[in-house]
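Taking it in order: structure first as structure tokens, then the write-up.
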Amino acid sequence: MKPEQIIASLKTLVDDGKVLTDPADLENYGKDWTKQYAPRPLAIVLPKTTEQVQAVVKFANENRVALVPSGGRTGLSAGAVAANGEVVLAFDNMNRILDFSPSDRTVRCQAGVVTEQLQTFAEDNGLFYPVDFASAGSSQLGGNLSTNAGGIKVIRYGMSRDWVAGLKVVTGKGDILDLNLDLEKNNTGYDLRHLFIGAEGTLGFITEATMKLTRQPTNLTVMVLGLADLTNTMDVLQTFLKTVDLTAYEFFSHQAMQHVLAHGQVQAPFDTEAPYYALLEFEAVSDQVMDDAMALFEQCVENGWVLDGVISQSETQANNLWQLRERISESIAPRTPYKNDISVVVSKVPEFLTEIDQVVNEHYPDFEIIWFGHIGDGNLHLNILKPEDMAKEEFFDKCQQVNKWVFDIVQRHRGSISAEHGVGMVKKDYLQYTRSPAEIAYLRGIKQVFDPNGIMNPGKIFDL
Ligand SMILES: O=C(O)CC[C@@H](O)C(=O)O
Ligand SMILES: [Zn+2]
């Protein structure tokens, strides 16, 4: 079918929805936050209902048209990039909260609901949606689920998948599946819901999700601690976990903090310099919890693990301390960093990080390494900044080599090449460092079942 015919047909399928073909729209909707691929979609479709999505998928099947789903476009693995003339299905017009059940504490949302919209809805109803990350203001629920997004509270609340009570999807064959019926308990064989979560739209597109909510946390209190060395991040974590139920345990290096401070609007937590900092968050539900936390802090200082620290006395102070961590990504963005998102089990984190540091420093001593991440769940974000006098091409070539070293170390430590950002196009060549050949063969088999014509987000996670 010719491109003009495809566009004309799409227009008939979404009636009150929209089909966009302006170059500016193609550029905007054809990409996510990754910069290495040029967007080149054929058209953008903005359906309003699950049935319209189904109509587009059926049409795409009959005519072998490749589709790419697009949410808030905040992904960092090019899972939502359309670089090969695909039709982008964007969920911006499916952004309604459809239903709320206070007694079940669930809320049924269309896929285009923005994370912050869901968080605010929960709060307005005296409840809490706990999955949170810096891009919550623009990321959409469908995208969060397709990548099983994690974020800053995983240590206590888990990943996006843990909050899904029910899911409506359109499979690659064009069937609408209503999965798990919003039930808490439902042991009736394979749980297909979890196949679509984290599948990056390669099996089908999520059009609706019923999300669970929980009680609001009480008096969230933040501590930022300066650590004497890297291994102390784990000593401090283990010490606090014995008594305090942490809602977050993040870390960042001195270099990371320097970039945030230079970026402006944020104050240093204290004067003492430390190679690494930990940010702990917990619910100070009583004076006893606060006393316990202070006693643990003192114990960590006495043991020589912590050099200095600060504790928030108000919500505003807690939010300000969070800025030290949440602004890292944006403060280094102008330097077009090499990015990696990797994980190992918590006990291996110091050894794992040190090995990566060593291999990069040994070969490229002029590279500035920025470490930060969700260290309480074993997830590290490695960013490397280009030396000012190095050409971009040379830098990214050298980073390809860095990838190999990093992923060898990941594999040796039985870690993951993508902890929370997904595989997309950025990491598909490295999937075998985390998944065995037998596993990948089963993944391909599953793809074949739900998307026999290979039209759903082709070229993402693995090639057919
Ligand atoms: O920019 C990054 O490398 C990580 C982004 C995000 O996952 C975060 O935790 O801030
Ligand atoms: Zn992260």
Side-chain angles (χ1 to χ4, degrees), residues 32-36 71-80 115-116 130-140 143-144 146-161 198 200 222 224 233 247-253 255-257 259-260 263 266 276-281 319 321-344 346 349 353 356-357 360 367-386 396 399 402-403 406 410 415-424 426-427:
D32 58 15
W33 277 359
T34 49
K35 303 227 167 74
Q36 59 262 58
R73 295 173 286 284
T74 57
L76 291 167
S77 295
T115 315
E116 203 172 77
V131 181
D132 197 15
F133 25 73
S135 60
S138 36
S139 67
Q140 296 177 6
N144 298 348
S146 294
T147 53
N148 185 27
I152 54 181
K153 311 253 179 185
V154 172
I155 186 173
R156 163 78 169 274
Y157 295 104
M159 308 280 280
S160 294
R161 81 161 70 247
E200 302 184 26
V222 173
V224 172
T233 50
T247 49
Y249 189 80
E250 299 278 313
F251 96 119
F252 43 92
S253 64
Q255 285 88 337
M257 188 165 86
H259 282 280
V260 173
H263 196 55
V266 187
Y276 293 97
Y277 301 85
L279 183 152
L280 296 68
E281 188 194 65
N319 289 337
L321 290 173
W322 262 117
Q323 298 302 305
L324 288 164
R325 162 64 185 86
E326 290 217 297
R327 283 175 182 257
I328 298 171
S329 213
E330 67 181 65
S331 73
I332 56 175
R335 301 278 303 270
T336 337
Y338 156 91
K339 285 184 170 295
N340 217 327
D341 161 49
I342 46 191
S343 67
V344 277
V346 166
V349 164
L353 184 153
I356 294 174
D357 245 359
V360 178
F367 279 12
E368 185 181 341
I369 303 179
I370 308 287
W371 284 107
F372 60 100
H374 320 288
I375 199 166
D377 57 47
N379 179 185
L380 305 179
H381 294 312
L382 164 64
N383 280 246
I384 301 178
L385 307 186
K386 183 180 79 56
F396 283 110
C399 289
V402 171
N403 265 343
V406 169
V410 165
S416 176
I417 58 147
S418 180
E420 61 168 4
H421 294 170
V423 178
V426 171
K427 296 219 165 147

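Only a predicted model underlies this, so the values are computations on that prediction, with no experimental measurement involved. As the structure lists them, so they are numbered: ligands from 1, and atoms in each ligand from 1.
From I369, atom CD1 reaches atom CG of D357 across 4.5 Å, with rounding to the nearest 0.5 Å. Interatomic distance, L279 CG to Y249 OH, rounded to the nearest 0.5 Å: 10.0 Å. Distance CD/Q140 to OG/S146: 10.5 Å, rounded to 0.5 Å. Taken to the nearest 0.5 Å, the CD atom of E200 stands 7.5 Å off from the OG atom of S418.
Taking only non-hydrogen atoms, the option from P337, A333, S329 nearest to atom 1 (O) of ligand 1 is S329.
For the side-chain hydrogen bond (donor to acceptor under 3.5 Å, both in side chains) test with H259, the passing option among R335, E368, R327, E330 is E368; the others fail.
Remark: distances from the non-hydrogen atoms of F372 to ligand 1 include one below 4.0 Å. For the ligand labelled ligand 1, residue E326 lies outside the 4.0 Å heavy-atom shell.
Contacts between I328 and ligand 1, counted as non-hydrogen atom pairs separated by less than 4.0 Å, are absent for every part of the residue. Contact annotation for E330 and ligand 1: no heavy atom of the residue comes within less than 4.0 Å of the ligand.
For the 3.5 Å distance criterion, the side chains of N403 and K427 fail to qualify, holding no donor opposite an acceptor. At a cut-off of 3.5 Å, with distance as the only test, a side-chain donor of T115 or S139 sits close to an acceptor on the other residue.
From the protein, the heavy atom lying nearest to atom 3 (O) of ligand 1 is N383 ND2, 3.1 Å. Nearest non-hydrogen protein atom to atom 8 (C) of ligand 1 is R325 NH2, 3.4 Å. Scanning the protein heavy atoms around atom 7 (O) of ligand 1, the nearest turns out to be H421 NE2, 2.8 Å.
Excluding waters, the protein N/O/S atoms found under 2.8 Å from the Zn ion (ligand 2) are H374 NE2, H381 NE2, E420 OE2.
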Quick one: do T147 and H421 satisfy side chain to side chain contact (heavy atoms under 4.5 Å, CB included)? Show the steps, please.
CA-CA 7 Å; T147 53; H421 294 170; over 6 Å; no

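Side-chain contact check for V344 versus V410: every heavy-atom pair is 4.5 Å or farther apart.
Atom numbering of ligand 1 starts at 1 in the shown order; those under 4.0 Å from a heavy atom of K339 are 1 (O), 2 (C), 3 (O). Every atom of ligand 1 is numbered from 1 in the order shown, and the set under 4.0 Å from a heavy atom of H374 is 9 (O).
One finds a salt bridge joining K153 and E281 here, because a Lys/Arg side-chain nitrogen approaches an Asp/Glu carboxylate oxygen to under 4.0 Å.
Relative orientation of the H381 and F372 rings is tilted, given thresholds of 30° and 60° on the angle between their planes.
Between N340 and ligand 1, not a single N/O pair is under 3.5 Å apart.
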